[in-house]
Amino acid sequence: MPAAESPFWNPKNETMPRDQLAALQLVKLQRTVEWAAERSPFYRRRFAEAKFEPSQLRKLDDIRRIPLLTKDEWIRAQEEQPLFGDLLAAPAERAIRYHLTSGTSGRTPLRVLDGTRDWQWNSEIWAYGLWALGVRPTDVVYLAFSYASFIGFWGAHYGAEKIGALTIASGNMPTEARVRQIVELGATTVCATPTYAIRLGRVAREMGIDLAKESRIERVVLGGEPGGSVPATRRLITELLGGECGDFAGMTEIGTNMVVECSHHPGGPHIVEDHIFEEVENPVTREPVGYGERGERVVTSFGRGMIPLIRYKTGDLVERMPHTSCTCGRTFDLYRGGILGRADDMKVIRGTNVFPAAVEAIVREYREVDEFRIVLEREGDRDEITLLLELHPHVTDDVREGLCERMAAELAESHEGLRFNVVLADAGSLPRFELKARRLEDRRPQHSGAAS
Amino acid sequence: MSTTASDMLGQPLTDVEASVLALYEQTKSILQRDDLAPCVRHNLVQSLAALAQVVNDLDLRLEHLYDLGA
């Protein structure tokens, strides 16, 4: 079969029977752990403290002998041995790329390095995903992303080039210029965060351009923040931009995507299981959870060797489903609904758990809403949650009337009766985002700062 | 050059896999030399990184190549 006709980037592994896939993962896990033990002082120390030796890895479950790695530990290692800490398994001068992500305390960013082969791997996993969503050499891939140190869609750029697509970097262009380029250059695929995809579509409308009708967009690759699997968000993006949405999720710590959505749209992205080993654990008991149960992702990468990543505690909440949930033919399992939120995003308001992603799923059902913000405050000894809504200027008074009450009722119904103060904000008063949207502001004492 | 005729799961190699693996091993072998011109060394490093990805995708080899510059 000619390459362009293959539905799979890597047919051998993407359709591999599960028992063989598990055997492959075990071999790769053994090599990854041996490499880390041999070359990384951090892991050597860590394994010794846990009385673990690579030879103990005889089956996949044996990975649980290895302690979890947290972001705090990683940052602490970098603070103790600036700039990159002793997780490094190769000299820093072998690196060709540097990226960073925010730390948990806000003081020190997490810094990562990639070698030449690591970066090939990074773009490869993107190529798996872009191909699965339908990108081919004849496509024009537009990256609505500012580049710089945030890893964002860097890997998508190189993955699209690897496929042979015309790949367009928009850099720090204003949104209006990006809209014009998307139309002029005939972009068929746009990569953006869900938030920015919506913004692109809305700015285009303000310019008198309906991208859904006047562009060649066939697909929108969503990543960089949760929301790419939220049905209302996807419907809105498709309405504004045209084309089908694909939810991708990765992280700087791994260097690339770990989950990618195929063109069959099974309701969540597939895990790229031949390159990444994923466990899902109960965040409290740390016991593995079964298919369909919500838990926290723990990730081991078989890719980047410069900074081995073994049992990294991601904080992402997911529900794993068997590969048979999708009809595409891949034998890779998937995450129903993508990344459902973050364990540390959860806020407790008067005893009720509130996840920003769950609030967003309801807000996005209201097409009248242009932007929103969640504010948490302490009034006396009582926590209050306020949802600020900025509506489109064209929304008429009769539609405006009663909208807040309707939304508050819907939010209460989905949050055990919790009362949300839903109020309208002035036009243009709420911040807009290009990359990771931070729409939750926790003003309660000891909770200051935007959380998500 | 490796003469192993199976992948990481012990399966026999196809013709394409055997050819790709030979290219990979040959590229590694050339990069061991210390008399390569910069244009040769650095372009071969790029080739080796790409070949390393192919042999990884085909389950033939999983190796880190920092010592060879990749």
Side-chain angles (χ1 to χ4, degrees), chain A residues 8-14 16-17 19-36 38-40 88-96 113-128 158-159 161-162 272 274-275 301-308, chain B:
Chain A
F8 309 108
W9 177 253
N10 181 356
K12 180 176 182 178
N13 287 358
E14 289 180 74
M16 184 176 268
D19 58 339
Q20 286 181 40
L21 185 58
L24 177 65
Q25 288 177 319
L26 179 59
V27 171
K28 289 191 168 188
L29 179 63
Q30 288 166 333
R31 300 211 173 156
T32 299
V33 170
E34 284 164 6
W35 166 258
E38 184 186 328
R39 299 285 191 113
S40 164
L88 281 185
E93 57 266 26
R94 297 289 188 194
I96 59 158
L113 296 173
D114 284 295
T116 307
R117 180 204 156 282
D118 295 333
W119 194 249
Q120 271 288 342
W121 178 79
N122 178 319
S123 61
E124 186 73 7
I125 309 305
W126 270 100
Y128 267 65
Y158 284 78
E161 281 190 355
K162 184 179 283 197
V272 186
D274 58 336
H275 288 285
S301 161
F302 303 140
R304 180 190 278 150
M306 185 155 273
I307 304 176
Chain B
M1 186 181 300
S2 170
T3 56
T4 306
S6 61
D7 67 12
M8 291 195 289
L9 296 177
Q11 303 294 318
L13 304 187
T14 65
D15 290 347
V16 169
E17 289 172 342
S19 299
V20 168
L21 188 56
L23 271 175
Y24 172 71
E25 296 293 355
Q26 194 173 7
T27 308
K28 279 169 53 181
S29 174
I30 298 170
L31 280 167
Q32 302 279 0
R33 298 175 61 116
D34 60 6
D35 59 348
L36 301 176
C39 65
V40 176
R41 170 165 298 284
H42 295 287
N43 279 301
L44 280 181
V45 163
Q46 296 293 323
S47 301
L48 180 62
L51 284 167
Q53 192 54 56
V54 180
V55 299
N56 184 356
D57 278 352
L58 294 178
D59 314 325
L60 310 178
R61 292 288 183 278
L62 174 58
E63 295 176 320
H64 297 295
L65 303 161
Y66 307 104
D67 297 342
L68 292 173

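Letters go in sequence order (proteins before strands), and every chain restarts at 1.
Neither the backbone nor the side chain of Gln11(B) comes within less than 4.5 Å of any heavy atom of chain A. Heavy atoms of Trp35(A) lying under 4.5 Å from chain B belong exclusively to its side chain. Within the 4.5 angstrom heavy-atom criterion, atoms from both the backbone and the side chain of Leu62(B) approach chain A. For Trp119(A), no part sits under 4.5 Å from any heavy atom of chain B, backbone or side chain. For chain A, the nearby parts of Ala50(B) are the backbone and the side chain; heavy atoms of each come within less than 4.5 Å.
Of all the heavy atoms in Arg304(A) and His64(B), the pair that sits closest is C-CE1, 4.3 Å. For Asp57(B) against Tyr128(A), the heavy-atom pair with the smallest separation is OD1-OH, 3.5 Å.
At a threshold of 4.5 Å between non-hydrogen side-chain atoms, the residues Gln120(A) and Asn56(B) do not count as touching. Taking the side chain as every heavy atom from C-beta outward, Met16(A) and Leu9(B) approach each other to under 4.5 Å. Met8(B) is listed as a side-chain neighbour of Lys28(A), based on a closest heavy-atom distance under 4.5 Å.
Atom CG of Asp15(B) sits in a sparse spot, with 12 or fewer heavy atoms from other residues, nucleotides or ligands closer than 6.0 Å.
A donor-acceptor contact shorter than 3.5 Å links the side chain of Arg94(A) to the backbone of Tyr66(B).
The line from CG of Leu68(B) to OG1 of Thr116(A) is 11.0 Å long, rounded to the nearest 0.5 Å.
Per-residue counts of heavy-atom pairs under 4.5 Å with chain A were compared for Asp67(B), Leu51(B), Leu65(B); the largest is that of Asp67(B).
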